[in-house]
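Working notes, beginning with the structure itself.
We name chains A, B, ... by the order of the sequence lines, and we start the count at 1 in each one. Atoms considered below: every heavy atom in the structure, side chains included; atoms not considered: hydrogens, waters and symmetry mates.
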4 protein chains.
Amino acid sequence: MADSTGLVRGQLRSLVERIERLEEEKAALGADIREVYGEAKANGFDIKTLRRVVSLRKLDTSQREEEQALLETYLHALGMAGEPVADN
Amino acid sequence: MADSTGLVRGQLRSLVERIERLEEEKAALGADIREVYGEAKANGFDIKTLRRVVSLRKLDTSQREEEQALLETYLHALGMAGEPVADN
Amino acid sequence: MADSTGLVRGQLRSLVERIERLEEEKAALGADIREVYGEAKANGFDIKTLRRVVSLRKLDTSQREEEQALLETYLHALGMAGEPVADN
Amino acid sequence: MADSTGLVRGQLRSLVERIERLEEEKAALGADIREVYGEAKANGFDIKTLRRVVSLRKLDTSQREEEQALLETYLHALGMAGEPVADN
DNA sequence: TCGCCTGATAGTTGCC
DNA sequence: GGCAACTATCAGGCGA
């Protein structure tokens with residue numbers, strides 16, 4: 001573990017606090033998301049369906065990203081890498 | 001399911017977009033957290049231990065919150081509620 | 001926990017053994033898979049690419065399953081469920 | 001990458017199919033394991049505890065294997081190898 | 001060969 | 001109270 005000066009104590013404290021702060025914000029966003037679903041439900045939407053729609057769109061995204069990654073892997077395997085394909 | 005006017009389509013779109021936006025931010029925070037752990041590691045801290053520390057503190061917090069909630073329940077039952085106990 | 005006769009001891013033992021047996025077989029399959037990748041490599045294939053291909057195909061599958069699930073969710077939400085869509 | 005004859009295509013297909021088949025079986029075993037845990041639960045066992053037991057036994061095993069390996073290393077260094085120590 | 005990083009797995013939490 | 005989604009942990013593979 002890091003050297004045993006009192007300095008380390010301060011570093012540790014700082015790190016822990018930053019992490020906890022970020023996790024707090026993350027949890028808050030989770031709560032926000034749940035809230036939006038709740039609002040959707042109140043407006044007559046079926047939450048399960050809504051979740052599936054979101055999930056499906058996410059799958060689409062991963063699919064596209066995977067295809068891109070596959071292409072780059074091919075290029076790399078063929079020794080043709082290096083910022084190979086512009087995104088536009 | 002919500003009424004089938006075109007309005008619903010707009011609502012749905014809006015909901016999905018809000019959710020996706022929030023999930024994006026949430027994911028970004030996850031990345032930030034990972035980054036902090038990385039920084040910790042670079043400073044010689046053991047990530048696994050650090051995680052344990054954070055997790056333990058979280059447990060402590062929820063225990064304290066639970067006890068706090070119980071206390072407030074008692075106070076409320078006694079007709080003595082209202083920002084009853086400062087945390088410091 | 002379950003009643004304290006000696007019987008329970010036997011049940012427990014049996015459960016643990018079944019689980020351990022299954023996990024062993026599972027680990028063996030993991031080894032087999034690694035072996036196939038190794039064979040692929042020996043035949044000149046790029047493992048990373050191969051993994052991506054497999055992963056991409058898996059994504060395709062999930063995508064299709066998700067779409068099917070979404071459809072069923074819609075049908076259910078509309079009160080039209082019950083073995084709604086044959087797979088053949 | 002492997003040579004570009006049509007043969008490669010067949011090899012690739014075969015490899016992917018073998019991998020997918022194995023992964024399928026692996027997933028099936030995972031399902032079996034979950035099923036056993038479910039059965040355990042139905043018989044009044046606490047799943048979390050049960051998992052811990054299995055995990056501990058696994059640790060024991062690897063520790064014992066490690067010790068065994070160390071012992072064999074010593075024996076080998078002393079020119080005394082060959083099925084040296086029975087497990088019972 | 002070692003360290004990093006991604007993908008797999010187990011545990012936890014929220015929903016029904 | 002059971003089930004499913006999500007998060008966090010862990011192990012194996014890849015690159016340096």
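- Checked by atom type, the side-chain pair E72(B)/Q68(B) shows a donor-acceptor distance below 3.5 Å.
- Between the CG atom of D46(A) and the CG atom of L78(C) there is a distance of 9.5 Å, given to the nearest 0.5 Å.
- dT9(F) atom C1' lies 14 Å from atom CG of L50(B), rounded to whole Å.
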Exercise for the section: If a protein heavy atom is under 4.0 Å from the base, mark B; if only from the sugar-phosphate, S; if neither, -; do that for nucleotides 8-16 of chain E going 5' to 3'. Expected result: SS-SS-SSS

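- Under a 3.5 Å cut-off, the side chain of T73(D) and the backbone N or O of A69(D) do form a donor-acceptor pair.
- The distance from atom CG of D46(B) to atom P of dC4(E) is 12 Å, rounded to the nearest whole Å.
- For K41(B), the side chain to side chain contact (heavy atoms under 4.5 Å, CB included) partners are I47(B), not counting sequence neighbours.
- The OH-P distance, from Y37(B) to dT6(E), rounds to 18 Å in whole Å.
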Exercise for the section: Quick one: do V53(A) and F45(A) satisfy side chain to side chain contact (heavy atoms under 4.5 Å, CB included)? Show the steps, please. Expected result: CA-CA 12 Å; V53(A) 170; F45(A) 290 96; over 6 Å; no

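- Taking the charged nitrogens against the carboxylate oxygens, R21(C) and E17(C) have no contact shorter than 4.0 Å, which rules out a salt bridge.
- Atoms CG (L56(B)) and C1' (dT9(F)) sit 15 Å apart, rounded to a whole Å.
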